[in-house]
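Values reported hereafter were calculated over all heavy atoms of this structure, with side chains retained and with hydrogens, waters and symmetry mates removed. Just so we're on the same page: letters track the sequence lines, and every chain starts at 1.
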Amino acid sequence: MPNVILDFEKPLLELENRIAELKQYAGDKGIDLAAEINILENRLRELKKEIYENLTPWQRTQLARHPERPNALDYFNLLFTDFLPLCGDRCYGDDPALVGGIARFEGVPVTVIGHVKGHNTKENLARNFGMPNPEGFRKALRLVQQAEKFQRPVISLVDTPGAYSGAGAEERGQAWAIANNLFAFSRLKTPIIVIITGEGGSGGALALGVGDVLLMLENSIFSVISPEGCATILWKDSQRAPEAASALKLTASELLSLGLIDGVIPEPLGGAHRDPKGTADNIRAEIRQRLQELRQIDAEQLVAARWSRLRRICGF
Amino acid sequence: MPNVILDFEKPLLELENRIAELKQYAGDKGIDLAAEINILENRLRELKKEIYENLTPWQRTQLARHPERPNALDYFNLLFTDFLPLCGDRCYGDDPALVGGIARFEGVPVTVIGHVKGHNTKENLARNFGMPNPEGFRKALRLVQQAEKFQRPVISLVDTPGAYSGAGAEERGQAWAIANNLFAFSRLKTPIIVIITGEGGSGGALALGVGDVLLMLENSIFSVISPEGCATILWKDSQRAPEAASALKLTASELLSLGLIDGVIPEPLGGAHRDPKGTADNIRAEIRQRLQELRQIDAEQLVAARWSRLRRICGF
Amino acid sequence: MLKDLFRKQKRYITVQPGTAPEHEEEKEPLWIKCPDCGEILYVRELEKGLKVCSKCRYHFRLSAPERIAATVDDNTFQELDGDLKAVDPLSFPAYRSKLSSAEQETGMRDAILTGQGAIEGRPVLIGVLEPNFIMGSMGCIVGEKITRLVERAIKSKLPVILFSASGGARMQEGVFSLMQMAKTSAAIARLHEAGILYVSVLTDPTTGGVLASFATLGDIILAEPGALIGFAGRRVTEQTLKEKLPPDFQTAEFCFNHGLIDLIVPRNEMRQILAQILSLHSERG
Amino acid sequence: MLKDLFRKQKRYITVQPGTAPEHEEEKEPLWIKCPDCGEILYVRELEKGLKVCSKCRYHFRLSAPERIAATVDDNTFQELDGDLKAVDPLSFPAYRSKLSSAEQETGMRDAILTGQGAIEGRPVLIGVLEPNFIMGSMGCIVGEKITRLVERAIKSKLPVILFSASGGARMQEGVFSLMQMAKTSAAIARLHEAGILYVSVLTDPTTGGVLASFATLGDIILAEPGALIGFAGRRVTEQTLKEKLPPDFQTAEFCFNHGLIDLIVPRNEMRQILAQILSLHSERG
Ligand SMILES: [Zn+2]
Ligand SMILES: [Zn+2]
């Protein structure tokens, strides 16, 4: 049971509590309430379906940002074995908001990179809320270039409110670091699979987002600006974020319809944070299939196809 | 006439003053002292030859470090036209101790890089005494990679006491920056001509020193450690630097005999600081010839030959 | 349409002398106050000086046509892809009307003008963002026109110069606009592999997704003095820090001091420096 | 000679148990004081723990043979180029006698031991600098042996691991030693182009010309905890600054915090991490 309950999840919570109480009561008193419990559990399933299949973009935004949603390190543990973290940009610092290294995916060596948000305030302070500094992006670049040398596929997990906007980040060329990644990822001679697992926030997300396949988890978002930021600019009112979330078409299903992403990975009912393992299973199946396809294409073709995909955006 | 006179130059100075006085006297009084002056001028020529052709390694070290010796910017002006300075490492800072850009050498576009010492205290403070920080080496790397893209030859002018040893330099990976340059210069697919014009101090010099041709001005030095540093380590006495200078075999002629450099560029009698233009003329002739040779070799062969030269050092 | 642009432009710039229709001048203000030093400047004088304040050297913003006129040789500019018109892929609230007024105000169909011209006789492919068209923001059309310009450069082996002046990505085009960062950067990567020169010139303001893509990928990066250049909006950054930032924060000078750009070039020297760069790249070394 | 080295090494390291000649133990001290925490340590216990202080985890320096024994599988190490002996190309004052005593003290012919071995069954080319041979400094022979090891790796497609422990360039060999920085770095560049793995391990101390060449060019850079790692001598730096430096200045931890190395690996995990790295690179992705 997650600690943080979103507004639209509250009816579920009440029902879950009632079922738990009933079970306890039945157990304590030795009464058979199986029929009643069964009815309530069916009701719960239906309610879940009803709620989670009809989420608004703003509700999905909240799920995408849920503090207990698995972060890159959680997925590294669930998806890979032998994870070896590699650190530093060899120039300035190591960025805890963006991690990476080498691991095995079903036995095959891969390079893994990803943003890391914390699950609580302490972790978030340590991870800068998943907002990388330039050295984070430069570390990612170093690691994917290493992947290219050793012909390892890259798995990139995206989950960030955006690149950090501190004064130091500006001093050390935040924009330069992001642009360099877009430039270099686009020509990298090894397969890159990008999965947006939570919040795909603008340039900070895109800096890990150029690849051969761009997938999104069902309840993740991908946007050029935060709904709050958009509402502030449009209507000078950040409270109208839900409206902006709809206007921005930032959900996985909408982006798939628009042809901007290649696939949506389903989450178990209730969202990734209620079932990290089930979510990881879905991701694993998708990676397996995509890797198999990509590894049959030679590097030159891969890079040419990567360019064609980008070239076609907007339909010209 | 230079402002700073080295000990061994003092006899020359006296003679020069005497000749000047005599000329003044002859002019003032309207007396014909041409014969006397001629004798003294011959004597001066002989004395110059005597002194400058028999300099000890320590005396050459002093010439190499002479504050009025032309620096890279002086040579850029004397050797090239259309110099366009390019700045910054695109990541942290611009290093005034190491400059570079694009220019024309006798009409041909070249990339130029070099250390810059100041000619006085104010300039030295601004240029950090010609000791680069990591960002300087990274700028140089950026510029030579740009030269490779545009198939421009690189002319590298070396003159530094060494890489800067400040705390910030350590923090930002001074050793990493130098090593990266050695690594990258060794494989750069465009000709590189290196000329040590003054002080070739250790790793900070070598970071601009890997190329196809390594030349030294007659009174420049190239050493793994400063004579003072060496004397301190060997004898705990930096005063014995002159002895260490001899032991280190750091002069151009010794290094040529040892097969460690490819040529010595003569300086006009009295040294580069007494005749920058004459010195530049000698450098120009050498660059012209070397460039002509190097430009006939294709890039792959060039890089292979560059490796062979390094490979053979120590004679194995 | 191009003709209209140049008619408009000629009222502002006197680099190409003589042909401005005199009767239109009545509509223009005669005097303007320098926002930096407060000096009252005679508009015709200001325009003669490429819109640089004669007292404090403050660089007023140039429209895209003004920039073209100030940069390329007279009568050499040929617009490319001028028919491409802004799109509204998300049917975003109020976007169409915003586009209409931007088009009316600037006479442009989106925030960029691209074409081929010559600088001191050397042919070049040039693109200029229009700061007055929805803050020069990059959406599908800006990305597409840059990409086409770059593709033409790869084919023709001509160098590329891009002048940026932009508030960043075009929010109203959502992820379509975000992906233009990737698209233009990937196009520049292909240009790089083809060994072709790309000079990026950052002018006031260059921020956000434009700065974080093609604008910072030049072989050579120039900037105009005093230009606002930064990734995050200054207000965002101040909120993040809850402290005051240095006065030169996110200026061209700040970027230069932090090693991020090659040179700051005053507007009256820009043409000559670009010509020098083109010349230095016109033959192999 | 190799046999001698391993005989010597076995007295220090108990990774390979049982075969040390018992009668030689009398010459060794029984107790040693930890220079970090002051704890008095029983030498045999210390050696069983790979020379790491059981109280404060201080890592004592290992000789090159000790390092080999602690790293490669038993009976797999085959020395390479063991015949190469230090040279004196400048006839440098007192250098020959310095070499002789170093040879006597360490039983080595110069400051590096190279060879082929296996780690958890995976073949690897390995080189280890000997900190006790003129401070592990790099002259002609160190450079040459590293280069030969790398050339062998390019031919055989085997990965390379280099353990550094060095005061820097070998002053007494002048520019010959300086040029080893270029030579080894260029060799690593060729290894890189051949797509072969190179792991660099920085141990106490790695400084100067060794740090500024092959040691910092690893695909992966590991370091032992607390190791002194820096370009310039600390005294030089303090003089330069005329101020006190942070207590962790030029340590492995300092380097990690500044993004310069990948990981700090305690000695008792080093073998396993190296095995994991080799495994992850033993097949194409
Ligand atoms: Zn003004
Ligand atoms: Zn201890």
Side-chain angles (χ1 to χ4, degrees), chain A residues 131 134 162-187 200 202-207 209-210 214 222-225 229-230 233-235 243-244 246-250 254-255 258 260-261 303 306-307 309-316, chain C residues 84 87 89-90 92-94 139-141 143-144 147-148 168-190 192-193 207-217 229-233 236-237 239-241 243 245-246 249-250 254-255 258-260:
Chain A
M131 296 184 288
Y164 187 56
S165 61
E170 295 283 339
E171 284 174 358
R172 299 191 298 280
Q174 186 69 287
W176 280 252
I178 293 170
N180 275 335
N181 280 18
L182 303 179
F183 180 100
F185 278 56
S186 79
R187 305 307 286 170
S202 193
L206 195 63
V210 173
L214 176 54
F222 186 27
S223 184
V224 66
I225 188 171
C230 179
I233 293 174
L234 279 186
W235 306 299
E243 226 173 301
S246 296
L248 285 165
K249 306 255 195 307
L250 46 61
E254 287 167 305
L255 291 167
L258 291 168
L260 285 165
I261 65 169
V303 170
R306 198 180 300 148
W307 165 243
R309 289 174 67 254
L310 288 173
R311 181 68 193 83
R312 277 194 307 270
I313 288 169
C314 297
F316 295 99
Chain C
L84 291 186
V87 294
L90 304 187
F92 197 91
C140 286
I141 296 302
E144 178 68 18
T147 303
R148 290 194 187 182
R170 178 89 47 89
M171 188 178 74
Q172 292 87 346
E173 296 182 25
V175 173
F176 283 103
S177 95
L178 183 63
M179 293 306 283
Q180 300 312 308
M181 290 171 64
K183 178 170 156 181
T184 55
S185 299
I188 299 295
R190 296 181 75 239
H192 179 79
E193 283 181 10
T207 65
V210 163
L211 190 67
S213 62
F214 66 87
T216 42
L217 294 172
I229 300 169
F231 175 63
V236 176
T237 314
Q239 276 182 340
T240 308
L241 284 171
E243 56 174 276
L245 296 166
F249 186 65
Q250 290 185 334
F254 173 90
C255 289
H258 288 98
L260 301 173

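- Under the rule for a side chain to side chain contact (heavy atoms under 4.5 Å, CB included), the partners of A/A207 that lie at least two apart in sequence or sit in another chain are A/F137, A/I178, A/N181.
- Counting heavy-atom pairs closer than 4.5 Å to chain C, the top-ranked of the candidates A/V303, A/I261, A/V210, A/L234 is A/L234.
- Shortest non-hydrogen contact noted between A/E170 and C/A232 is OE2-N, 2.8 Å.
- Taking all atoms of both residues into account, the shortest heavy-atom contact from A/G173 to C/L260 is CA-CD2, 3.6 Å.
- For A/L248, the parts lying under 4.5 angstrom from a heavy atom of chain C are both the backbone and the side chain.
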Going through the checks in order, is the side chain to side chain contact (heavy atoms under 4.5 Å, CB included) test met by C/Q180 and A/C314? CA-CA 9 Å; C/Q180 300 312 308; A/C314 297; 3.1 Å; yes
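- With a threshold of 4.5 angstrom between heavy atoms, A/R172 approaches chain C through N, CA, C or O but not through any side-chain atom.
- In this structure, A/K249 contributes its side chain and C/G174 its backbone to no donor-acceptor pair below 3.5 Å.
- Shown here for A/L258 and C/P89, the closest heavy-atom pair between the two residues is CD2-O, 4.2 Å.
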After noting the C-alpha distance and the side-chain angles of C/V175 and A/L255, does the key distance pass the side chain to side chain contact (heavy atoms under 4.5 Å, CB included) rule? CA-CA 8 Å; C/V175 173; A/L255 291 167; 3.7 Å; yes
Determine whether A/F222 and C/M179 satisfy the following criterion, side chain to side chain contact (heavy atoms under 4.5 Å, CB included), listing intermediate values before the conclusion. CA-CA 11 Å; A/F222 186 27; C/M179 293 306 283; 4.3 Å; yes
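- Remark: A/S202 pairs with C/L178 by the side chain to side chain contact (heavy atoms under 4.5 Å, CB included) rule, at least two apart or across chains.
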Working for side chain to side chain contact (heavy atoms under 4.5 Å, CB included), residues A/W176 and C/L211: CA-CA 8 Å; A/W176 280 252; C/L211 190 67; 3.9 Å; yes
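- Residue C/E193 touches chain A through its side chain alone, counting heavy-atom pairs closer than 4.5 Å.
- Between A/P134 and C/F231, every side-chain heavy-atom pair lies at or beyond the 4.5 Å cut-off.
- Across C/S213 and A/L182, no two heavy atoms sit closer than the pair CB-CD1, 4.3 Å.
- Between C/Q250 and A/E171, every side-chain heavy-atom pair lies at or beyond the 4.5 Å cut-off.
- Residue C/Q172 holds its CD atom at 7.5 Å from SG of A/C230, rounded to the nearest 0.5 Å.
- For a residue to count as touching a neighbouring chain, one of its non-hydrogen atoms must lie under 4.5 Å from one of that chain's; by this rule C/A187 touches chain A with backbone and side chain alike.
- The two atoms that bring A/F183 and C/A189 nearest to each other are CE1-CA, 3.3 Å, heavy atoms only.
- Between C/L90 and A/A247, the shortest heavy-atom distance links the atoms CD1-O, 3.9 Å.
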